[in-house]
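I have placed the structure first, in the form of structure tokens, so that the comments after it can refer back to it.
The figures that follow rest on heavy atoms only: side chains count, while hydrogens, waters and symmetry mates do not. Numbering of ligands and ligand atoms starts at 1, following listing order.
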Amino acid sequence: MVKKLLIDLIFPPKCMLCNEVISVGDKCENCRKKAEKYALSQYGRQIKHSCFKNLDKCISFYQYKGIIRDGLLYAKFKSCSAFVEEFLSYTDFDFESFFKENDIDVIVSVPFHKSKLYDSEYDLPQEMARKIAKSTGLGYNKNLVIKVKKTKNQHDLSLSERKINLKGAFSVKGDVKGKNIAVVDDIISTGYSLEEVAGTLKKSGASGVVGITFAYNNG
Ligand SMILES: [Zn+2]
């Protein structure tokens with residue numbers, strides 16, 4: 001304990017994102033203020049896309065800009081989900097009520113796609129889903145939806161190519177009949193991957209699929 005205090009005195013704990021010195025166990029006030037700037041309003045949290053046919057609803061918390069984009073890059077680069085966890089806590093979103101309202105049985109994440117943008121193997125959607133599952137007592141099943149097709153990096157493709165790229169990319173391994181499923185992803189842009197996962201789940205008999213995403217990239 002003394003040793004820890006001494007270390008804190010010599011190397012005071014700093015915010016992982018802005019380097020501001022913070023007290024042990026405290027959250028960074030500087031970042032919390034910046035988070036507010038990019039937070040989506042209660043209404044703005046409902047993401048609507050014309051491609052959503054199987055995805056019953058989708059929520060997101062932040063605009064994919066500024067500190068949010070930097071934080072996600074940092075999380076992937078450092079293989080650390082603390083940023084996402086901290087910024088989710090700023091939103092005061094009641095996941096437990098959300099899951100109850102939507103009668104959710106299990107949480108999954110969009111199967112990992114290695115992105116050239118980050119050049120990282122770190123599966124942030126999975127980490128995010130695990131954290132949410134843990135905080136709500138609901139189960140997270142990492143093997144329920146798997147990726148079965150090698151896809152190209154969505155960023156390198158045109159809008160129409162993106163849809164084709166993901167067709168048949170996922171498969172369900174397990175029984176989802178009559179179940180309501182929450183699918184977690186870090187960023188939503190066109191919504192194609194979440195819709196494709198939702199379609200795959202519904203084809204396998206799932207009755208409801210909702211999406212939970214950290215940030216919304218609307219171009
Ligand atoms: Zn900070």
Side-chain angles (χ1 to χ4, degrees), residues 1-47 58-99 107 109-110 112-138 140 154-155 182-189 194 211-219:
M1 185 63 192
V2 174
K3 200 171 161 192
K4 170 95 178 68
L5 285 174
L6 200 63
I7 290 171
D8 284 345
L9 207 64
I10 305 166
F11 304 104
K14 285 184 178 172
C15 170
M16 60 186 167
L17 283 173
C18 68
N19 248 357
E20 191 95 341
V21 175
I22 48 176
S23 347
V24 191
D26 259 10
K27 286 181 175 166
C28 178
E29 203 43 37
N30 194 23
C31 282
R32 202 186 54 76
K33 280 199 192 115
K34 281 190 197 160
E36 261 167 38
K37 191 177 158 194
Y38 295 106
L40 293 167
S41 66
Q42 202 83 8
Y43 178 76
R45 276 180 187 169
Q46 306 288 334
I47 308 300
C58 181
I59 56 163
S60 197
F61 299 99
Y62 290 103
Q63 301 172 54
Y64 183 67
K65 281 181 185 160
I67 194 173
I68 303 303
R69 190 178 45 212
D70 295 348
L72 284 172
L73 281 165
Y74 174 94
K76 295 192 183 195
F77 184 67
K78 294 272 184 186
S79 300
C80 164
S81 65
F83 161 75
V84 169
E85 199 179 355
E86 190 164 327
F87 274 57
L88 277 181
S89 78
Y90 296 152
T91 68
D92 284 327
F93 186 73
D94 188 348
F95 281 103
E96 234 172 310
S97 303
F98 179 78
F99 290 148
I107 303 171
S109 53
V110 171
F112 184 55
H113 22 255
K114 188 179 171 187
S115 155
K116 252 193 261 164
L117 190 64
Y118 305 112
D119 195 25
S120 149
E121 296 284 352
Y122 186 61
D123 190 342
L124 188 57
Q126 181 182 136
E127 292 305 320
M128 185 177 151
R130 274 187 203 286
K131 293 272 154 61
I132 294 171
K134 207 175 158 194
S135 72
T136 57
L138 219 66
Y140 166 66
Q154 291 281 90
H155 295 281
V183 187
V184 172
D185 207 354
D186 51 356
I187 305 164
I188 175 162
S189 46
L194 270 169
I212 298 170
T213 62
F214 182 74
Y216 177 36
N217 180 10
N218 61 349

Is a salt bridge present between Glu36 and Lys33, judged by a nitrogen-to-oxygen distance below 4.0 Å? no

Near the Zn ion (ligand 1) (protein N/O/S, cut-off 2.8 Å, waters excluded) we have Cys15 SG, Cys18 SG, Cys28 SG, Cys31 SG

Looking only at heavy atoms, what is the nearest atom pair of Ala182 and Ile212, with distance? CB-CD1, 4.1 Å

Under the 3.5 angstrom rule, does the side chain of Ser60 hit a backbone N or O of Gln46 as a donor-acceptor pair? no

Give me the one residue out of Phe214, Tyr216, Phe93 that meets ring-ring contact (aromatic ring centres under 6.0 Å, His included) with Phe61. Phe93

Passes ring pair (Phe, Tyr, Trp, His ring centres under 6.0 Å), Phe87 versus Tyr90? Steps please. CA-CA 5 Å; Phe87 274 57; Tyr90 296 152; 5.0 Å; yes

The side-chain hydrogen bond (donor to acceptor under 3.5 Å, both in side chains) partners of Tyr38 (sequence neighbours excluded) come to none

